[in-house]
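This report concerns only the one structure given below.
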Amino acid sequence: MTDRLASLRPQAPGRWRVWALAYGMRRGRRGQHFLGHDERSAEPHPTAYYVWLAVSDTDVVLVDAGIGPSRAAAVPGLQYLGSPVDLLGRFGVRAEDIGWSVLTHLHYDHTGVVADLPNATYVVQEAEWDYWTGPWAQRLTRERWLCAPEDLEHLAGSGRRRAVSGDAELLPGLSVHLVGGHTAGMQLVRLATGAGHVVLASDAAHFYENLTSDRPAPILHTMPAVYGAFDRITELADDAGLIVPGHDPGVLERFPADGADRTGSAVRIA
Ligand SMILES: [Zn+2]
């Protein structure tokens, strides 16, 4: 453990400190993020890409695994700030320090560096795993491109995959919550922090505006569960200010920058 990691740890058992690390930015369009074509669909809509680091007095958890360098070059318009592993390194956390990798879902921009986490137990909802490894996901081009088979192969072969089904307290003060909607087994992560319960919504709410306008993103598995997820996010967070959407650049403005990261792309959530 580095001195820096020791300094990140909270003192109270069952409490977490949480950071959002942005590893990429892209000039998206509103139509990519809000279902239902309208006159604003062609407008630019800046999009951020994150992993989230959560540290307790005993554990280090990485929520989602971003995009790896090899795939990043193939993502149109992506300004890649670096591998999530490099960002963590600059932050003072080594890949081998990560004991848990909670994967909110198995889209390619959330699994990219799983193979670079040598000690992590990977936490995936059973419904998510079954969908992407089952017969249907491969049938449709619209679905197929969203998943990286090499990342799934790593998860399958690692012997370190922990399947969960539904809601589960993974560690004291850290729970996962199956919501589906965006994908078959999308899960939220809830963390007890000094500021209250934080909810990492990931792509259950890509942007704050998905929640405030009650408007889903177009990539979705089932509509009722998308709305159920919106409600669950709000229920599980102690305050609307403790909800962290998956791709909103506004996260970098709402929360204070962490001085340890010179790129300015890491913020302290709580
Ligand atoms: Zn995503």
Side-chain angles (χ1 to χ4, degrees), residues 19-35 45-53 62-85 87 101-114 122-125 127-129 131-132 137 142-152 155 176-189 199-211 215-222 225-226 229-230 233 243-252 265 267 269:
W19 291 263
L21 277 66
Y23 66 85
M25 301 295 281
R26 186 176 63 82
R27 269 175 61 93
R29 302 258 168 214
R30 280 185 62 85
Q32 295 172 320
H33 303 135
F34 300 100
L35 184 65
H45 198 245
T47 308
Y49 292 75
Y50 300 98
V51 294
W52 300 274
L53 175 69
L62 186 65
V63 177
D64 286 344
I67 300 176
S70 55
R71 174 112 188 201
V75 178
L78 180 70
Q79 181 200 350
Y80 193 55
L81 304 174
S83 161
V85 169
L87 262 57
S101 161
V102 179
L103 301 170
T104 61
H105 61 304
L106 296 176
H107 281 171
Y108 74 93
D109 58 326
H110 298 259
T111 60
V113 298
V114 286
Y122 305 104
V123 181
V124 184
Q125 287 284 337
E128 185 74 1
W129 185 258
Y131 178 74
W132 292 109
R142 189 196 78 173
E143 290 287 277
R144 213 165 35 223
W145 75 274
L146 288 165
C147 195
E150 63 277 18
D151 296 343
L152 266 55
L155 296 177
V176 295
H177 302 267
L178 173 67
V179 289
H182 176 58
T183 62
M186 176 86 213
Q187 60 183 346
L188 312 173
V189 180
V199 173
L200 301 179
S202 181
D203 291 3
H206 295 73
F207 295 85
Y208 291 110
E209 191 181 336
N210 294 108
L211 287 173
R215 197 168 163 193
I219 294 176
L220 61 89
H221 185 74
T222 63
V226 167
F230 284 178
I233 290 165
I243 294 170
V244 184
H247 288 277
D248 200 320
V251 168
L252 299 174
S265 59
V267 292
I269 304 295

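Numbering of ligands and ligand atoms starts at 1, following listing order. None of the values given here were measured: they were computed from a predicted structure.
The only member of F207, Y49, Y23 that meets ring pair (Phe, Tyr, Trp, His ring centres under 6.0 Å) when paired with H247 is Y49. Between H182 and the choices H33, H221, H110, H105, the ring pair (Phe, Tyr, Trp, His ring centres under 6.0 Å) rule is met once, by H105.
Counting non-hydrogen atoms of other residues, nucleotides and ligands closer than 6.0 Å to CZ of R27 gives a total of 12 or fewer.
Within the coordination shell of the Zn ion (ligand 1), defined by N, O or S atoms under 2.8 Å, H247 is present.
The atom name of the N/O/S atom in D203 closest to the Zn ion (ligand 1) is OD2. Within D109, the N/O/S atom positioned nearest the Zn ion (ligand 1) carries the name OD2. If you look at H110 and ask which of its N, O or S atoms sits nearest the Zn ion (ligand 1), the answer is NE2.
Side-chain contact between L87 and V51 is absent, with no heavy-atom pair separated by less than 4.5 Å.
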